[in-house]
Amino acid sequence: MSTRDTRRQFEEIVGKLAAEDPSLARPVRMVPKRVMLSVLAVVGALVWAGLSVLMVVWGAVGVAITCVTVAVAVGLGLYRRRRLSSNR
């Protein structure tokens, strides 16, 4: 039996199972949303604290790095929000 035939049979089985139970067709989130948000909050707080120290230690260069970092974070957040809202 070739790989192509095996793949076709697998897709048929998955299709039948999804037709019988639509909840199986949903993507499974490996990490719960609440845990992911908590981890993101902790990482964000640590990055912000590090950037604050960087501004004090490096002066104007630290301020510039902080501004660029915040601009990139805001840009990524807006991009993600736009992408998620366009998928609905």
Euclidean distance, [Y] [atom2] relative to [X] [atom1], rounded to 0.5 Å:
{"X": "Leu76", "Y": "Arg83", "atom1": "CG", "atom2": "CZ", "result": "10.5 Å"}
{"X": "Arg81", "Y": "Ser85", "atom1": "CZ", "atom2": "OG", "result": "8.5 Å"}
{"X": "Ile13", "Y": "Arg8", "atom1": "CD1", "atom2": "CZ", "result": "10.5 Å"}

Show the atom names and distances, to 0.1 Å, of all donor-acceptor pairs under 3.5 Å that link a side chain in residues 44-68 to residues at least two apart or in another chain.
{"from": "Ser52", "atom 1": "OG", "to": "Trp48", "atom 2": "O", "distance (Å)": "3.0"}
{"from": "Thr66", "atom 1": "OG1", "to": "Gly62", "atom 2": "O", "distance (Å)": "2.8"}

* Asked: Partners of Phe10 by side-chain contact (heavy atoms from CB on, under 4.5 Å), sequence neighbours excluded?
  ->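 Residues passing side-chain contact (heavy atoms from CB on, under 4.5 Å) with Phe10: Arg7, Val14.
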* Asked: Residues two or more places apart in sequence or in another chain: which of them pass side chain to side chain donor-acceptor pair (under 3.5 Å) with Glu20?
  ->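 None.
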* **Stepwise side-chain contact (heavy atoms from CB on, under 4.5 Å) test for Arg80 and Leu84** => CA-CA 6 Å; Arg80 184 173 184 271; Leu84 288 176; 3.7 Å; yes
